[in-house]
Visitor: 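Quick one: the structure is below, questions incoming.
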Amino acid sequence: GEQVEQLPSILRVQEGSSASINCSYEDSASNYFPWYKQEPGENPKLIIDIRSNMERKQIQELIVLLDKKAKRFSLHITDTQPGDSAMYFCAASRITGNTGKLIFGLGTTLQVQP
Amino acid sequence: DTTVKQNPRYKLARVGKPVNLICSQTMNHDTMYWYQKKPNQAPKLLLFYYDKILNREADTFEKFQSSRPNNSFCSLYIGSAGLEYSAMYLCASSRLGGNQDTQYFGPGTRLLVL
């Protein structure tokens, strides 16, 4: 299978609190998991990614966790700010040789309320 | 410069007419992708070029064509637009191999078929 499930579809949090988005994938051979942030009228931008040889990665307030056994990965934003409000997409990819195909989740709309 | 450019940003087409969308990047990336995104759906890969080799997804094989006259440019061609082609079309590029598999997205072309 090539589905990526992403939940929740809408997430509302108070400024300063944390936000978590969860994704699951079907293809056990997936080895690359990027997260994209898309603001209205803008193109999706990569914010953080993790490869299958890692379980945890952190860039400033962004933390991604990968559980290969459960085929789940998640994004955690600590100390959310209004500027974090956007659509977030997770994706899974099997990079083999010179090809890689991203399978996207449906996206999560994050609203950070002041 | 990690910019992927797309032209036009908005396109209005008549049913049965052809549509040609353009994407360019100056990052010397091996691979260029085209995704289709409809409201409340995940971005869906349509096809990608690795160098001069075109790979089209099985379920969209007959609906879309593409050309890549040089490393920097890639087009998406619809021979006869139908109403179901109305969507956002996202172009992306990447340099695969090693850890250089990040896909950079363009701003998208919003196609409306009437």
Visitor: To the nearest 0.5 Å, tell me how far B:M88 CE sits from A:N43 CG.
Guide: 10.0 Å

Visitor: So if you build clusters from Ile, Leu, Val, Met, Phe, Trp, Tyr with side-chain heavy-atom gaps below 4.5 Å, do B:F48 and B:Y77 land together?
Guide: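 Not linked; separate clusters.
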
Visitor: Might you point out which heavy atoms bring A:Y36 and B:Q103 nearest each other, and give the distance in Å?
Guide: OH-O, 2.7 Å

Visitor: Can you get from A:I21 to A:V13 by hopping between Ile, Leu, Val, Met, Phe, Trp and Tyr side chains that sit under 4.5 Å apart?
Guide: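 Both belong to a single hydrophobic cluster.
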
Visitor: Per the salt bridge (charged side-chain N to carboxylate O under 4.0 Å, His left out) rule, what does the pair list look like for residues 47-65 of chain B, sequence neighbours excluded?
Guide: A:K101-B:E57, B:K44-B:D59

Visitor: Working note: A:D49 + B:T102, criterion side chain to side chain contact (heavy atoms under 4.5 Å, CB included); need CA distance, chi angles, decisive distance, verdict.
Guide: CA-CA 9 Å; A:D49 57 16; B:T102 299; 3.9 Å; yes

Visitor: Do A:W35 and A:L110 share a hydrophobic cluster (ILVMFWY, side-chain heavy atoms under 4.5 Å, transitive)?
Guide: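 Cluster IDs for A:W35 and A:L110 match.
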
Visitor: Where is the tightest heavy-atom contact between A:G105 and B:P43, given as atom of each residue plus distance?
Guide: O-CD, 4.2 Å

Visitor: Near B:R9 CZ, under 6.0 Å, is it more than 12 heavy atoms from other residues, nucleotides or ligands?
Guide: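 Enclosed.
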
Visitor: Go through B:Y33 and A:L102 one step at a time and tell me if the side chain to side chain contact (heavy atoms under 4.5 Å, CB included) criterion holds.
Guide: CA-CA 10 Å; B:Y33 308 80; A:L102 287 177; over 6 Å; no

Visitor: For A:P44, which atoms come within 4.5 Å of any heavy atom of chain B: side chain, backbone, both, or neither?
Guide: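 For A:P44, the contact with chain B is made by backbone and side chain together.
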
Visitor: Take atom NZ of B:K17 as the centre, draw a 6.0 Å sphere, and report whether it contains more than 12 heavy atoms from other residues, nucleotides or ligands.
Guide: no

Visitor: Is A:L106 in contact with chain B via its backbone, its side chain, both, or neither, using a 4.5 Å heavy-atom distance?
Guide: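 Answer is both: backbone and side chain atoms of A:L106 are under 4.5 Å from chain B.
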
Visitor: Working to the nearest 0.5 angstrom, can you tell me the gap between B:F105 CZ and A:L46 CG?
Guide: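 Result: 9.5 Å between the selected atoms.
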
